[in-house]
Protein chains: 2
Amino acid sequence: MANLKQLAQSLGLSITTVSRALDGYSDVSAATRQRVREAADKAGYRPNASARRLRKQRAELVAVTLPSEPGHIGPLHFLDMLSGCAEHLAGAGLNLVIAPVPHGESELDMCRRFVDGRRVDAMLLVRTKRQDERVEFLQSRGFPFVTNGRTESAIQHPFIDGDGFSGFHAATLRFHQAGHRRIAHVGGPQDYFFAHVRRQGWEAAMSECGLSPDLYSEQMPTEQGGYEAALALLARSDRPTAIVCATDEMATGVLRALREVDGGQSISVVGHDDLPIGAFTSPALSTMRMTGGNLGRSFASLLLRTIAGEPAEALQELHSIEFVDRDSHHLPTILA
Amino acid sequence: MANLKQLAQSLGLSITTVSRALDGYSDVSAATRQRVREAADKAGYRPNASARRLRKQRAELVAVTLPSEPGHIGPLHFLDMLSGCAEHLAGAGLNLVIAPVPHGESELDMCRRFVDGRRVDAMLLVRTKRQDERVEFLQSRGFPFVTNGRTESAIQHPFIDGDGFSGFHAATLRFHQAGHRRIAHVGGPQDYFFAHVRRQGWEAAMSECGLSPDLYSEQMPTEQGGYEAALALLARSDRPTAIVCATDEMATGVLRALREVDGGQSISVVGHDDLPIGAFTSPALSTMRMTGGNLGRSFASLLLRTIAGEPAEALQELHSIEFVDRDSHHLPTILA
DNA sequence: AAGATCATCCAAAACGTTTTGGGTGTCAAC
DNA sequence: GTTGACACCCAAAACGTTTTGGATGATCTT
């Protein structure tokens, strides 16, 4: 119930002085500053957020869009990442709002609502497409944002991404060095940047090895999608001996298909994302993941810095990929 | 960039009229209403959120606290629930902010910040304790909130909860009817309401069957906690033949312990929550879950109604528990 | 033709904060 | 004893909206 006016009145001071005392300005004497602070503590005073936001022209809010399309979102334990991000943003006085796209509305409409209504100071986009209309819109508005995943936008923007090309390139080479020759790729929709670049990594490695990137099946990035992709590959006469999957979720579907098919167990599988579920599949799923510590904190930091106006070029993080070897891949078949 | 003043000026109308036209008041003629709406659309005008919030004395925000303590949060796929909740809140013009408790701050401090700073219109609390200081604080402030899980508060408050007592009671009876006599319970910290009530359900069923509720082990509600609890139970001379676990996460730890011990595979296990991971453990985890459709929507509805001032008694949902039978429990040992 | 009713519009206040641009009094310097 | 310099304080404006309480004519009633 306490506001600045009441606090000022009870102290016999002006609103201005109370405000500046609490903000620690030097033009209020140490004595009154002390007196004001004590009174504020006692009254449990906190500045009214809406009023400050209006006056300072900052929403003190960041929105993260939650995709409505099926399939898991990249980083392992997405909620943990959001939680970490929210915590670090809170340290700077910002809160994180989650913004699922409402039924019958596009992600673009949603961005528009947030931007034009000045509801937030920045946006965090996940699951970027190669041509991402949200990115284009925010860039046209000059609105701060950070993406999880790159795009093919001509204009630079802040992002954090894993180096999917190198990861899938290395995974494919590793299989090749272990003696595999029929190495398949189960890919996701190619309009997603991550899916495209992972496929390219696989293709590049294949052609470096003199193999044709032929064993390819594309599906939705879901368990069911992986299952169907695997069935398609297994029906071929040149059945693969190893399958590199665009995501762990697809890989679990692939494993399901392999369990249902004769000799399926001997086929190697590797996924990407290091979903917690991977440790429990049978066989336990070998996978890859982005390196780099507290992802949430990194996003928070990038968001704050882009709000502060730092140039996009300084706010781009491309992390390397590391392997998480479990039981679903067989390397020692030849091994030198 | 467009605000009401500029829009009004360009239309040759007053700010009042433009505002009321957009809000659909009847004291502006259909003609000018039309004219104003078109101009607003063309300019992409959206009312400044901070200004409206200040004027209307509503934050248009709801916060959900994310517990920092380890262990998974109840409902299956918590993020999906939040997403559904956020979507339905958005339909009423409210956004959902996620509020992890910052390092070195208590959940209570966090509530205080949100409430006293009028940063939100309501709070959503998860993982309630039997005596929950957050609940007491919010009640003392008369601040709207909804909990996921009941408390022992003397004053009523809105909640959604599963009927853990009946669920664990039924699960225990079911084991008894199948011939089990040494039925253990792996419980969580008893200051959590859910953990306490689940234990009580087990205890009640045991004593109804003339069995002493002796095979009990309590641990943190984590995989590791379940593992340790199971080890303790397995070390006993009256080793259990069935284990009812407070949560799926603990149950996966129990399964790990059983895999490491002679004859462990023959011991029945059932969990609670229906975590996605349960389908992939070996054996696949039998579990229980709360009935009731779109949980997120229910939370959103309760939040909106408590903000609107409906009495707490009308805003309490106790959902029954249903079994999800998979492979980790063995009922047919005797079976009539 | 005066009064009442109605349809349409608007000026000004209010929400609670931060910031601008001084104002007042004291003290030291000249 | 005037001039700065300094320390401390404050009135008022501003942020952009919603809402209150009319004002102005036009139309209808009697």
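Order of the sequence lines sets the chain letters (A, B, ...), proteins ahead of strands, with each chain counted from 1. The structure presented is a predicted model; accordingly, all values stated were derived computationally and were not measured.
Checking B/L304, B/V97, B/L303, B/V146 one by one against B/V62, the side-chain contact (heavy atoms from CB on, under 4.5 Å) holds for a single residue, B/L303.
Rounded to whole angstrom, the span from the CZ atom of B/R46 across to the P atom of D/dT17 amounts to 13 Å. In this structure, A/D27 places its CG atom 9 Å from P of D/dC8, rounding to the nearest Å. Spacing between atom OH of B/Y45 and atom P of D/dG16 amounts to 10 Å, rounded to whole angstrom units. Put simply, CG on A/L22 is 16 Å from P on C/dG16, counting in whole angstrom units. Counting to the nearest Å, the P atom of C/dT17 and the CZ atom of B/R53 are 17 Å from each other. In this structure, B/I15 places its CD1 atom 12 Å from C1' of D/dC15, rounding to the nearest Å. Note: NZ (A/K5) to P (C/dA14) measures 8 Å, nearest angstrom. Between A/L54 atom CG and D/dA14 atom C1' the separation is 9 Å, expressed in whole Å.
The phosphate of D/dG16 (OP1 or OP2) has no side-chain N or O of B/Q6 nearer than 4.0 angstrom. Of the side-chain N and O atoms in A/S29, one or more sit less than 4.0 angstrom from OP1 or OP2 of D/dC9. Contact annotation: B/Q57 does not reach the phosphate of C/dA14 (side-chain N/O to OP1 or OP2, under 4.0 Å). At the phosphate of C/dT8, neither OP1 nor OP2 sits under 4.0 Å from any side-chain N or O atom of B/Y25.
Taking the side chain of B/R20 as heavy atoms from C-beta on, and the options C/dC9, D/dT20, D/dG16, the nearest nucleotide is D/dT20. Taking every side-chain heavy atom of A/S14 into account, D/dA11 is the closest of D/dA11, C/dT17, C/dC10. Across C/dG16, D/dT18, C/dC10, the shortest atom-to-atom separation from the side chain of B/T16 is found for C/dC10. In the set C/dT17, D/dT19, C/dT20, the nucleotide with an atom closest to the side chain of B/K56 is D/dT19. The nucleotide whose nearest atom lies closest to any side-chain atom of A/D23 is, among D/dT18, C/dT17, C/dT18, C/dT18.
The environment of A/R37 atom CZ is dense: over 12 non-hydrogen atoms of other residues, nucleotides or ligands sit within 6.0 angstrom.
Between the side chain of A/R305 and the backbone N or O of A/A300, no donor-acceptor pair lies under 3.5 Å. A donor-acceptor pair under 3.5 Å is absent between the side-chain atoms of A/D23 and the main chain of A/Y25, judged by distance alone. A donor-acceptor pair under 3.5 Å is absent between the side-chain atoms of A/D161 and the main chain of A/L318, judged by distance alone.
Of the two residues near DNA chain D, A/A30 and B/P47, the one whose nearest nucleotide lies more 5' is A/A30.
Heavy atoms of B/T32 sit under 4.0 angstrom from primed sugar atoms or phosphate atoms, though from no base atom.
Looking at A/R55, its side chain comes within 3.5 Å of the base of C/dT18 through a donor and an acceptor atom.
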